[in-house]
**Q** 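Let me begin by handing over the structure; questions about it come next.
It should be emphasised that the depicted structure is a prediction, and the values quoted were computed from it without experimental measurement. Here is the naming used below: chain letters follow the sequence lines, and residue numbers restart at 1 for every chain.
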Amino acid sequence: MNYLQPIQEAISNGIAALYQLEIPADEIRFDPTPPEFEGEYTYVVFPLLKASKKNPMQTAEELGQYLLEHQNSVARFNVVKGFLNISFKSDFWTSILYQLRTEQPWLSPARSGKKIVLEYCGPNTNKPLHLGHIRNMLLGYSISKIQAAAGNDVHRVNIYNDRGIAICKSMVAYQRKGNNATPTTTGTKGDHFVGHYYVTYSNLLDEEVRTLMAGGMSKEEAEKKAPVYLEAVRMLQQWEAGDPGTLELWQTMNGWVYEGFNQTFERLGVDFEKDYLESEHFSKGRDLVLKGLEKGYFFRKDDGSVWVDLTDKGLDEKVLLRSDGTSVYITQDIGVAHQRYLDYHMDVSAYVVANEQDYHFKVLKLVLEKLGEPYADGIHHLSYGMVDLPEGKMKSREGTVVDADDLMDEMEASSRSFLEQSDKQLDFSEAEKTTLYRQVGLAALKYFILRVDPKKRILFNPTESIDLQGNTGPFIQYTYARIKSVLSKLSDEPGGKMAAPDKDELDLIVTLSRYYATIQDASENWSPAEIANYIYTLARQFNKFYADHSVLHADTPEQKQLRIHLAHTTGAVLGHGLDLLGIEAPERM
RNA sequence: GGCCCCGUAGCUCAGUGGAUAGAGCAUCUGCCUUCUAAGCAGAUGGUCACACGUUCGAAUCGUGUCGGGGUCACCA
């Protein structure tokens with residue numbers, strides 16, 4: 001919904017009429033006028049100088065004059081150097097505001113008809129989720145909402161890395177030290193319960209390695225010969241051989257993990273339409289690779305391993321099948337990608353995966369292209385930066401991993417203590433308070449993560465709590481709640497004509513009119529940060545307006561009507577924008 | 001070493017070729033007897049890592065240098 005299209009057309013026509021230069025209307029760049037100048041939108045005339053053969057001032061004056069004569073909505077203009085600042089008539093803006101409120105165009109985007117399958121989260125099932133997963137999940141969920149809001153048909157899926165040596169390590173440790181304990185008997189969340197045995201494994205390994213090293217063995221050798229490691233390897237072989245006892249233990253422990261994960265997903269507010277299990281697909285890619293080998297896309301080395309040569313694409317040779325014929329990581333991804341296409345026939349297959357796998361996804365896409373898979377072109381790696389601590393990467397062995405559940409606990413606690421320390425009096429029941437602390441704490445966390453450009457790394461300092469004031473999620477929630485509060489006190493609307501907006505009111509309308517385009521941009525760039533920055537700007541402008549404009553006690557009915565439209569539309573956009581970020585908007589706070 | 005990403009205020013971040021580079025946090029000053037002070041107004045704070053180039057114009061594009069991170073496994 002581009003409200004400025006008529007103006008762009010008028011400028012385009014003006015340029016053609018004055019200088020015989022054809023610029024399509026939708027290529028007319030048109031930027032909001034900076035606050036220190038008069039006007040709402042600015043057109044830069046420098047690119048026209050060659051055609052106009054006049055200086056910037058004269059060119060801008062001419063074009064401005066043309067607009068004034070040919071475009072009814074233009075009230076006046078001013079020229080500063082090569083900048084043509086255009087002021088529109090008040091009723092141009094108030095009619096846009098009226099349309100925004102009544103039509104809410106962001107709710108009915110043009111249908112793109114594109115089907116997107118978006119995979120995110122992708123956890124291993126041997127330990128609980130951490131802050132890295134949180135960034136992944138928040139990005140994945142928010143992007144899916146944004147793509148849907150931009151008119152795409154979106155399907156959220158998860159992939160579980162539910163097999164392999166890692167889970168076997170937890171299983172071995174559990175066999176040795178578990179004493180048939182369960183999450184229920186110990187009162188432990190399932191994923192943490194299993195994660196505990198992963199730590200137990202590390203401790204057992206350290207002990208045994210120390211013992212072996214005391215006997216004169218090198219560290220590398222000891223790590224390969226430690227009984228607990230050999231047991232884990234044997235466990236993996238038994239799993240692959242389909243040993244019933246091993247499979248049963250595996251299933252039981254994974255079941256506990258899923259139960260724990262589901263609690264975290266629900267609490268964080270994310271969901272999945274379909275789960276893919278690596279254990280069900282890890283061998284399927286092999287057929288595709290062998291088919292590719294037959295057709296000569298790949299080659300076999302003397303030891304029997306299968307490779308793809310990507311040196312012509314500036315990459316390396318990559319192994320696709322081990323010499324013993326078993327699958328490697330990328331082989332599984334080929335299998336899962338194929339299965340996903342059978343399931344969905346999607347146009348775009350997006351993967352939310354950290355940027356440490358940039359290379360992997362380049363290879364995956366090229367391999368699928370070589371295989372002639374119809375969906376290869378639609379592979380999109382949504383690569384995001386990792387979450388770092390002040391001292392660097394999170395390391396589970398050093399216990400510096402920020403646990404997802406702990407972090408959510410802390411955020412709730414900090415929003416609780418914030419509200420308890422304020423002198424705010426809200427007649428909330430205990431249950432309502434609990435809900436509010438959860439909503440506000442999560443909002444702070446989610447906004448903190450989502451407001452930064454996905455491709456940039458995030459620095460998280462565990463000793464400093466995430467802010468609740470300023471450029472934060474709660475700030476936007478608060479603005480929304482204020483608006484709801486005002487509107488709830490409104491007995492009736494005057495209806496009819498709106499007063500001419502003043503500067504603050506105009507700023508709000510201009511910003512509101514850009515929401516639809518902001519969603520399109522965020523969708524094209526796969527960036528929730530663009531939504532976050534937009535709603536922050538909008539909330540800030542509203543609070544500025546709110547500070548010295550009364551809605552309920554406006555001077556005239558026309559003024560009141562204008563402000564009601566403003567409050568209403570701003571509330572709707574803030575609520576919608578928060579929803580795109582996966583953030584709940586409490587009616588009161 | 002090859003390839004990829006990043007470098008903007010003390011800190012965390014915006015800024016997709018346009019005007020005198022903006023926010024929040026932190027520090028300091030004001031504003032609750034009027035719709036919620038998780039707010040508003042103001043002050044302080046910049047060699048946009050550095051150099052050269054492209055052009056009317058560069059934080060933004062190109063090349064190079066420096067610094068940080070990632071990756072280049074028959075690990076996942």
**Q** List in chain and number order the residues that pass side-chain contact (heavy atoms from CB on, under 4.5 Å) with A:D31, two or more places apart in sequence or in another chain; answer none if no residue qualifies.
**A** A:R29
**Q** If the condition is side-chain hydrogen bond (donor to acceptor under 3.5 Å, both in side chains), which residues does A:T331 pass it with, not counting sequence neighbours?
**A** none
**Q** Is there, by distance only and without an angle test, a donor paired with an acceptor across the side chain of A:T479 and the base of B:rA38 below 3.5 Å?
**A** no
**Q** Quick test of your reading of the model: are A:K503 and A:D507 salt-bridged, counting only N-O distances below 4.0 Å?
**A** yes
**Q** Identify, with sequence neighbours excluded, every residue that meets side-chain hydrogen bond (donor to acceptor under 3.5 Å, both in side chains) alongside A:Y198.
**A** none
**Q** Output a table of nitrogen or oxygen pairs between the protein and nucleotides 2-9 of chain B separated by less than 3.5 Å.
**A**
residue: B:rG7; atom: OP1; partner: A:K456; partner atom: NZ; Å: 3.2

**Q** Assign A:F83 to base, sugar-phosphate, or nothing according to its heavy-atom contacts below 4.0 angstrom with the strands shown.
**A** base
**Q** Please write out the pairs of protein N or O atoms and N or O atoms of nucleotides 34-37 of chain B separated by less than 3.5 Å, giving the distance to one decimal.
**A**
residue: B:rC35; atom: O3'; partner: A:K489; partner atom: NZ; Å: 3.3
residue: B:rC35; atom: O2; partner: A:V551; partner atom: N; Å: 3.3
residue: B:rC35; atom: O2; partner: A:L552; partner atom: N; Å: 3.0
residue: B:rC35; atom: N3; partner: A:V551; partner atom: N; Å: 3.0
residue: B:rC35; atom: N4; partner: A:Y546; partner atom: O; Å: 2.8
residue: B:rC35; atom: N4; partner: A:H549; partner atom: O; Å: 2.2
residue: B:rU36; atom: OP1; partner: A:S485; partner atom: OG; Å: 2.7
residue: B:rU36; atom: OP1; partner: A:K489; partner atom: NZ; Å: 3.4
residue: B:rU36; atom: OP2; partner: A:S485; partner atom: OG; Å: 3.4
residue: B:rU36; atom: OP2; partner: A:K489; partner atom: NZ; Å: 2.5
residue: B:rU36; atom: O2'; partner: A:Y478; partner atom: OH; Å: 2.3
residue: B:rU36; atom: O2'; partner: A:R482; partner atom: NE; Å: 2.9
residue: B:rU36; atom: O2; partner: A:K424; partner atom: NZ; Å: 2.9
residue: B:rU36; atom: O2; partner: A:M589; partner atom: O; Å: 3.2
residue: B:rU36; atom: N3; partner: A:M589; partner atom: O; Å: 2.5
residue: B:rU36; atom: O4; partner: A:M589; partner atom: N; Å: 3.0
residue: B:rU36; atom: O4; partner: A:M589; partner atom: O; Å: 3.4
residue: B:rA37; atom: OP2; partner: A:R482; partner atom: NH2; Å: 2.6

**Q** Let me know the distance between CD1 of A:I535 and P of B:rA14, rounded to the nearest Å.
**A** 15 Å
**Q** Can you list every pair that meets ring-ring contact (aromatic ring centres under 6.0 Å, His included) and has a residue in residues 450-485 of chain A, with sequence neighbours left out?
**A** A:F475-A:Y536
**Q** Please tabulate the protein-to-nucleotide N/O contacts below 3.5 Å involving nucleotides 42-45 of chain B, giving atom names and distances.
**A**
none

**Q** Is any side-chain N or O of A:R540 closer than 4.0 Å to OP1 or OP2 of B:rG24?
**A** no
**Q** Provide, to the nearest angstrom, the distance between the CZ atom belonging to A:F30 and the P atom belonging to B:rG17.
**A** 18 Å
**Q** Can you name the residues that form a side-chain contact (heavy atoms from CB on, under 4.5 Å) with A:H133, not counting sequence neighbours?
**A** A:P123, A:L129, A:H130, A:M137
**Q** Could you write out RNA chain B as a dot-bracket string, with dots for unpaired bases, | for bases paired across to another strand, and Watson-Crick or G-U pairs counted at under 3.5 Å?
**A** (((((((..((((....[...)))).(((((.......))))).....(((((..]....))))))))))))....
**Q** Taking only residues two or more places apart in sequence or in another chain, which ones pass ring-ring contact (aromatic ring centres under 6.0 Å, His included) with A:F361?
**A** A:Y351, A:H381
**Q** Checking side-chain hydrogen bond (donor to acceptor under 3.5 Å, both in side chains) against A:N254, which of A:D162, A:N126, A:T125 comes through?
**A** A:T125
**Q** Hey, is the side chain of A:N85 pairing donor to acceptor with the base of B:rA19 inside 3.5 Å?
**A** yes
**Q** Any salt bridge linking A:E278 with A:R163? Criterion: basic side-chain nitrogen under 4.0 Å from a carboxylate oxygen.
**A** yes
**Q** Any chance you could list the contact pattern along nucleotides 58-63 of chain B? Use B for base contacts, S for sugar-phosphate-only contacts and - for none, protein heavy atoms under 4.0 Å, 5' to 3'.
**A** ------
**Q** Taking only the side-chain heavy atoms of A:F46 (C-beta and beyond), determine which of B:rG24, B:rA19, B:rC56 contains the nearest atom.
**A** B:rC56
**Q** Just how far, in rounded Å, is C1' of B:rC13 from CD of A:E464?
**A** 14 Å
**Q** Are there any protein N/O atoms within less than 3.5 Å of an N/O atom in nucleotides 25-29 of chain B, and if so, which ones and at what distance?
**A**
none

**Q** Could you tell me whether A:E493 and A:K560 have a side-chain N and a carboxylate O separated by less than 4.0 Å?
**A** no
